[in-house]
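FYI, the numbering just counts along the sequence from 1.
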Amino acid sequence: MDVRKIDSYKIDISGPSDVVDLLKPYLDVYKWRSQKGLQVDELQAAVDRAPQDATGLLNTEGYFKPDVQARMQAEGDSYHVYVTVEPGPQVEVRKVDLRLTGPINDDPAYRDALLARLARKPPLDKGDIFTQSDWDLYKRTTLNAVLVRRYAGARITQSEALISEDKQYADLTLVIDSGPFYHYGYVKINGMQRYPEKIVRDQVHLAEGGEYRRFEILNLQTDLQEMPQVAAAVVDAQLDNAPPYNAPIDITVQEAPLQKLGLAAGYSTNTRYRGQIDYRYNNIADRGWVWNTKAVYEGLEQSLSTDLTFPKQPDGYSHKVYFSGDHSIVQGLSTTSYKGGVSRSVSDRNIDRTLTLEYLVERRDSGDGNIDRPHSLTLNYQWIRRDLDNQRDPHKGTIWQVEGGGASGQILSTQTFVRLYSKGALYWPVGEEGIFLGRLEGGQTFARTAAEVPTDWLFRAGGAGSVRGYDYQSLGVKADDGTVNPGRVLATSSVEYQHPVYKAWRGAVFADYGDAADTWQTWEGHTGVGVGARWISPVGSIGADIAYGVTERQWRFHFAMGLAF
């Protein structure tokens with residue numbers, strides 16, 4: 001027995017690069033190479049079992065005839081381990097035998113449609129290389145396809161992968177017993193004490209006796225968790241084991257507090273220092289109506305708002321009534337506005353749609369003695385589609401927003417106008433770690449003159465989230481005294497590349513281009529370029545940028561948080 005200590009040893013693993021990369025993380029002889037105080041006998045034992053360990057790993061990747069050799073050689077006071085791998089040919093799938101048994105065969109049309117869908121792009125098919133991971137995925141995918149609708153009790157009764165004697169082919173067999181056809185049973189709600197049970201029951205659209213569909217249960221759970229009165233919710237189907245095979249639905253709710261008070265403070269390079277207080281009451285009139293009120297004070301903008309939001313209706317739509325007052329002094333333009341309205345919105349997976357009817361009155365003073373007092377009764381439609389791989393830290397996907405609205409000069413408005421607006425952002429991975437971000441924004445307000453259109457329905461640009469290298473909303477219709485008024489047209493764009501630097505930190509380089517103006521003939525593009533840093537915090541991306549405004553030949557610092565929109 002050799003109990004001498006080895007401080008370190010050399011190791012060489014030779015073979016195809018993909019095979020070597022597979023083995024390195026798992027073989028003890030490789031993992032232990034920097035371990036202090038290892039005994040000679042311990043290392044020899046690891047060398048002796050390396051062929052067996054490597055063979056087991058290679059089998060999972062379809063190599064069933066590998067030749068693995070391992071030896072240890074003394075070199076003075078140290079040792080050298082040699083591992084050679086000849087993986088041999090990979091096993092191909094020769095046959096896949098998928099069989100469904102049980103009551104699913106009483107509906108051959110449904111069964112055949114399911115089998116046809118499974119056959120379109122299976123994780124493992126005839127002629128593919130057999131790997132254990134693909135075989136596991138095939139079994140899991142197939143079973144889930146049966147479970148998600150009607151047959152909630154489906155189970156695998158036979159799973160077999162037979163490797164031919166010459167270890168060149170694999171014959172696969174998978175048998176799934178569908179179990180009985182399940183229908184929804186009664187719905188039981190637990191945990192409602194502070195709020196009326198009705199606000200939860202109104203979200204349940206699982207008709208008793210209806211066909212069991214798992215995605216409907218998952219969607220219901222998501223909808224409940226998004227309610228302000230709900231802190232957490234679990235929706236579960238209890239499967240009866242006897243006819244008529246109902247699936248009663250149990251909903252367990254953890255209620256949120258009745259009231260919520262929030263305080264916040266911060267800083268933005270767009271609007272400077274910020275303080276905010278908001279209050280929410282979740283059960284007005286004991287109906288689950290939600291009242292929100294919020295006061296925000298910023299260096300350049302201040303606002304006070306209140307709204308009443310009603311529970312989501314059975315058709316999925318939510319309604320809100322709101323009122324607000326806003327005041328700002330930006331780029332020499334003083335604006336005070338009051339507005340109230342009603343909105344109707346619905347979310348369908350990754351698409352949000354909102355229709356808003358709003359009345360707004362405004363006082364706009366540019367400091368030159370001319371004061372505009374526009375008012376409008378507007379109808380606006382907004383459509384937003386989010387398709388991102390990660391909401392907090394996207395690497396791939398798109399966000400797209402489209403709006404259209406306007407007012408009639410014949411109905412409580414100083415002028416007839418129509419406003420069209422759209423913006424989009426693209427996230428795209430570059431290489432293994434980089435991220436490309438592209439942004440486009442454009443809009444136009446069709447009106448006789450901008451003077452009689454409220455500022456909310458016009459455009460200015462500049463600052464974080466727009467054209468960096470320029471002050472907040474400094475791009476627009478510039479008066480002789482330097483005041484920047486809003487215009488009727490807008491177009492901005494941005495390209496940015498981000499690359500990891502350290503842990504949750506990224507470096508960024510970017511270029512922005514755009515402008516806002518009163519007409520396309522007076523629109524002049526302004527360029528901003530710069531570098532920045534991004535910190536991927538628990539609540540989202542926080543960025544700091546140093547940008548150079550090429551047109552004005554000026555440097556500006558910008559600080560921003562969150563996605564493009």
Side-chain angles (χ1 to χ4, degrees), residues 225-226 262-276 278 294 296 298-301 347 349-352 382 384-402 422-442 461-473 492-514 527-549 555-565:
Q225 289 175 335
E226 290 177 350
L263 300 171
Y267 179 80
S268 165
T269 49
N270 281 349
T271 54
R272 303 177 185 170
Y273 294 99
R274 174 188 178 94
Q276 176 179 314
D278 57 83
K294 180 170 66 174
V296 179
E298 298 178 278
L300 301 180
E301 298 176 345
S347 295
R349 296 185 182 179
N350 58 350
I351 296 177
D352 298 333
Q382 181 187 76
I384 300 177
R385 182 179 185 273
R386 298 177 178 87
D387 185 15
L388 299 171
D389 60 342
N390 185 299
Q391 294 293 327
R392 184 180 68 89
D393 180 24
H395 286 62
K396 183 178 182 180
T398 58
I399 315 176
W400 195 257
Q401 175 177 332
V402 178
S422 181
K423 62 179 175 180
L426 167 68
Y427 293 84
W428 191 259
V430 179
E432 295 184 358
E433 299 181 313
I435 303 171
F436 169 82
L437 168 59
R439 181 183 58 82
L440 289 174
E441 178 185 34
S466 181
V467 183
R468 287 163 287 189
Y470 301 86
D471 292 330
Y472 178 55
Q473 295 192 356
T492 69
S493 62
S494 175
V495 291
E496 178 172 306
Y497 174 73
Q498 300 177 8
H499 196 84
V501 176
Y502 177 74
K503 294 186 177 179
W505 288 89
R506 298 195 189 114
V509 293
F510 59 85
D512 299 339
Y513 182 73
T527 302
V529 296
V531 297
R534 306 285 179 267
W535 176 48
I536 311 306
S537 76
V539 295
S541 175
I542 298 176
D545 296 319
I546 297 176
Y548 179 69
W555 291 94
R556 291 293 182 267
F557 173 75
H558 300 285
F559 178 83
M561 178 176 177
L563 301 179
F565 61 99

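Ring geometry for Trp505 against Trp535 counts as parallel: the plane angle stays under 30°, on a 0 to 90° scale with 60° as the upper cut.
Note: Ser268 OG to Glu298 CD = 6.5 Å, rounded to the nearest 0.5 Å.
Minimum interatomic distance between Val467 and Gly528 (heavy atoms only, all atoms of both residues): CG1-N, 4.4 Å. Considering every non-hydrogen atom in both Trp400 and Gly424, the closest pair reads CE3-CA, 3.1 Å. Closest non-hydrogen pair, Gly532 versus Asp545, comes out as CA-OD1, 3.3 Å. Annotation for Ala425 and Leu437: closest pair CB-CD1, 4.3 Å, computed over non-hydrogen atoms.
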- Task: Mind running side chain to side chain contact (heavy atoms under 4.5 Å, CB included) on Arg385 and Thr398 for me, showing each step along the way?
- Result: CA-CA 8 Å; Arg385 182 179 185 273; Thr398 58; 3.9 Å; yes
- Verdict with supporting geometry, Asp512 and Ser494, side-chain hydrogen bond (donor to acceptor under 3.5 Å, both in side chains): CA-CA 4 Å; Asp512 299 339; Ser494 175; 2.6 Å; yes
- Message: Please determine whether side chain to side chain contact (heavy atoms under 4.5 Å, CB included) holds for the pair Arg274 and Val296, giving the CA-CA distance in whole Å, both sets of side-chain angles, and the decisive distance to 0.1 Å.
- Response: CA-CA 7 Å; Arg274 174 188 178 94; Val296 179; 3.6 Å; yes
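In the model, Tyr427 has no side-chain atom that pairs as donor or acceptor with a side-chain atom of Gln498 under 3.5 Å. No side-chain donor from either of Glu301 and Thr271 sits under 3.5 Å from a side-chain acceptor of the other. Side-chain contact annotation: Ser541 with Arg392, donor-acceptor N/O pair under 3.5 Å absent. For the 3.5 Å distance criterion, the side chains of Asp471 and Gln473 fail to qualify, holding no donor opposite an acceptor. Between the side chains of Asp352 and Ser347, a donor-acceptor pair is found at a separation under 3.5 Å.
Arg534 is not listed as a side-chain neighbour of Ile542, based on a closest heavy-atom distance of 4.5 Å or more. Using a 4.5 Å cut-off on side-chain heavy atoms (C-beta onward), Gln382 and Gln401 make contact. For the pair Thr269/Tyr267, a side-chain contact is recorded, criterion being any heavy-atom separation below 4.5 Å from C-beta on. In this structure, Phe436 and Val495 have side chains that are in contact, with non-hydrogen atoms separated by less than 4.5 Å. At a threshold of 4.5 Å between non-hydrogen side-chain atoms, the residues Trp555 and Ile546 count as touching. Using a 4.5 Å cut-off on side-chain heavy atoms (C-beta onward), Pro394 and Asp389 make contact. With contacts defined as side-chain heavy-atom distances shorter than 4.5 Å, the pair Tyr472/Leu300 qualifies. Under the 4.5 Å side-chain criterion, counting only non-hydrogen atoms from C-beta, Leu388 is in contact with Ile399.
Within a 6.0 Å radius of OH in Tyr273, no more than 12 heavy atoms belonging to other residues, nucleotides or ligands are found.
Remark: the backbone N or O of Gly463 is not paired with any side-chain donor or acceptor of His558 at under 3.5 angstrom. Here the side chain of Asn350 pairs a donor or acceptor atom with the backbone of Arg386 at under 3.5 angstrom. The closest donor-acceptor contact from the side chain of Arg439 to the backbone of Ser466 lies under 3.5 Å. Put simply, the side chain of Tyr497 never gets that close to the backbone of Gly507: no donor and acceptor are under 3.5 Å apart.
Under a cutoff of 6.0 Å and an axis angle of 45°, Arg556 and Tyr548 do not form a cation-pi pair.
Arg506 has a carboxylate O that lies under 4.0 Å from a charged side-chain N of Asp393, or vice versa, which qualifies the two as a salt bridge.
Under the side chain to side chain donor-acceptor pair (under 3.5 Å) criterion, Asn270 pairs with no residue at all, not counting sequence neighbours.
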